[in-house]
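Report on the following structure.
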Amino acid sequence: MPKSKRNRPVTLSKTKKKGKEHKESIVNSIRDAVEKYSSIYVFGFENMRNLKFKEFREQHKSTSRFFLGSNKVMQVSLGRSAADEIRPGLHKVSKLLRGDAGLFLTNLPREEVERLFNEYEEYDFARTGTTAAETVELKEGPLEQFTHEMEPFLRKQGMPVRLNKGVIELVSDFVVSEEGKPLSPESARILRLLDTKMATFKLHLICRWSPEDFELYREGLDGSDVESA
């Protein structure tokens with residue numbers, strides 16, 4: 001006798017994929033914002049930290065609007081060629097939406113935008129796979145910054161440790177990270193315990209558009225790939 005469909009388990013944590021309606025909503029939101037704000041920027045980012053970015057976005061929500069997500073959807077919103085762009089010159093902006101990039105639409109003066117992005121920098125703990133910014137080496141001897149309960153955890157991270165009269169002791173020098181090399185999961189955990197931050201969340205401007213002009217910011221961009229229709 002076949003099993004009843006009514007008795008099949010349902011995973012409540014399962015979520016539906018974002019479909020056509022969601023994409024259309026983003027397209028419409030971007031197109032509405034284009035009409036509302038005086039200038040549009042494409043920005044790139046390094047070591048994205050969602051919480052810190054949310055704080056930055058909240059600080060400027062009265063004058064500006066940020067969009068992050070599918071580059072393809074954002075390109076469709078603006079128009080990917082001179083034939084379908086929603087404002088003259090926006091296909092140039094569209095072509096620069098690639099990789100880790102987003103849109104910033106604002107009524108702020110150009111000088112203020114450049115200052116905000118150039119000065120923005122947040123330090124955080126590096127994640128697994130991040131290239132180490134420096135070499136961190138622990139010398140043989142007591143590690144008094146750690147409580148004795150942490151000895152098994154540190155040993156599990158590959159550190160040559162032992163307990164000596166209730167104090168964790170490193171029995172030989174130990175290299176946590178090497179400058180220029182990717183961090184292992186263990187190295188990332190140890191650096192966090194040492195309160196050593198190697199990741200810098202940065203934002204940088206790529207281009208600027210206004211009804212009057214278009215400007216490239218990033219060095220190495222010669223504009224040849226944004227001139228074609």
Side-chain angles (χ1 to χ4, degrees), residues 41-60 66-72 74 96-104 113-207 216-222 225:
Y41 296 79
V42 173
F43 67 92
F45 53 87
E46 301 169 27
N47 298 308
M48 171 58 77
R49 296 296 186 265
N50 290 332
L51 183 59
K52 294 183 184 297
F53 180 72
K54 184 179 179 181
E55 292 171 354
F56 183 71
R57 185 179 61 196
E58 285 295 311
Q59 291 170 9
H60 305 289
F66 286 89
F67 290 95
L68 278 179
S70 166
N71 288 339
K72 185 176 180 180
M74 291 190 286
L96 293 170
L97 282 165
R98 56 199 181 204
D100 294 330
L103 284 174
F104 177 64
V113 173
E114 292 173 355
R115 183 189 66 79
L116 286 172
F117 277 77
N118 289 335
E119 292 179 359
Y120 187 80
E121 196 171 75
E122 292 282 354
Y123 295 97
D124 202 354
F125 297 108
R127 296 167 178 166
T128 300
T130 301
T131 300
E134 60 181 292
T135 297
V136 175
E137 183 176 5
L138 298 175
K139 296 297 183 181
E140 177 184 348
L143 299 173
E144 296 179 350
Q145 66 267 51
F146 301 126
T147 60
H148 69 277
E149 293 95 342
M150 296 187 68
E151 189 268 342
F153 177 79
L154 295 176
R155 191 154 22 90
K156 194 174 180 180
Q157 308 313 309
M159 294 178 64
V161 294
R162 67 184 178 188
L163 279 177
N164 185 2
K165 297 180 181 179
V167 177
I168 297 178
E169 187 177 69
L170 199 61
V171 299
S172 61
D173 294 351
F174 180 75
V175 177
V176 180
S177 64
E178 292 185 64
E179 183 178 356
K181 293 188 177 182
L183 295 177
S184 66
E186 295 77 16
S187 295
R189 294 188 197 108
I190 296 169
L191 289 172
R192 183 178 286 269
L193 289 175
L194 295 172
D195 198 32
T196 301
K197 297 180 178 181
M198 286 193 183
T200 306
F201 172 33
K202 292 182 180 180
L203 302 172
H204 53 260
L205 295 172
I206 295 174
C207 73
L216 286 170
Y217 284 101
R218 297 305 305 275
E219 293 181 7
L221 291 175
D222 59 11
D225 59 346

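Just so we're clear, the structure is a prediction, and the values are computed from it rather than from any experiment.
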May I ask you to say whether Glu46 pairs ionically with Lys202, meaning some side-chain N is under 4.0 Å from a carboxylate O?
-> no
Taking the side chain as every heavy atom from C-beta outward, state whether Phe53 and Leu68 have any pair of such atoms under 4.5 Å apart.
-> yes
Residue Phe153 excluded, over 12 heavy atoms near CZ under 6.0 Å = yes
Hey, are the side chains of Ser177 and Met198 touching, using non-hydrogen atoms and a 4.5 Å cut-off?
-> yes
Heavy-atom closest pair (Ala199 atom, Phe125 atom, distance to 0.1 Å) is CB-O, 3.9 Å
Taking the six-membered ring for Trp and the full ring for Phe, Tyr or His, determine whether the centres of Phe45 and Phe201 are under 6.0 Å apart.
-> no
Residue pair Leu194 / Gln145, side-chain heavy-atom distance below 4.5 Å = yes
Could you grab the distance from atom OG1 of Thr200 to atom CD of Glu122, nearest 0.5 Å is fine?
-> 10.0 Å
salt_bridge(Arg49, Asp124) N-O dist < 4.0 Å | yes
Shortest non-hydrogen contact from Ala101 to Asn71?
-> O-OD1, 3.8 Å
Decide if the gap between the ring center of Phe104 and the ring center of Phe117 is smaller than 6.0 angstrom.
-> yes
Under 3.5 Å donor-acceptor, Thr131 side chain and Pro182 backbone | no
With a 4.0 Å cut-off, would you call Arg155 and Glu151 a salt bridge?
-> yes
For atom NE2 of His148, is the number of surrounding heavy atoms from other residues, nucleotides or ligands below 6.0 Å larger than 12?
-> no
Under the 3.5 angstrom rule, does the side chain of Ser187 hit a backbone N or O of Val176 as a donor-acceptor pair?
-> yes
Centres of the Phe43 and Phe66 rings: under 6.0 Å?
-> yes
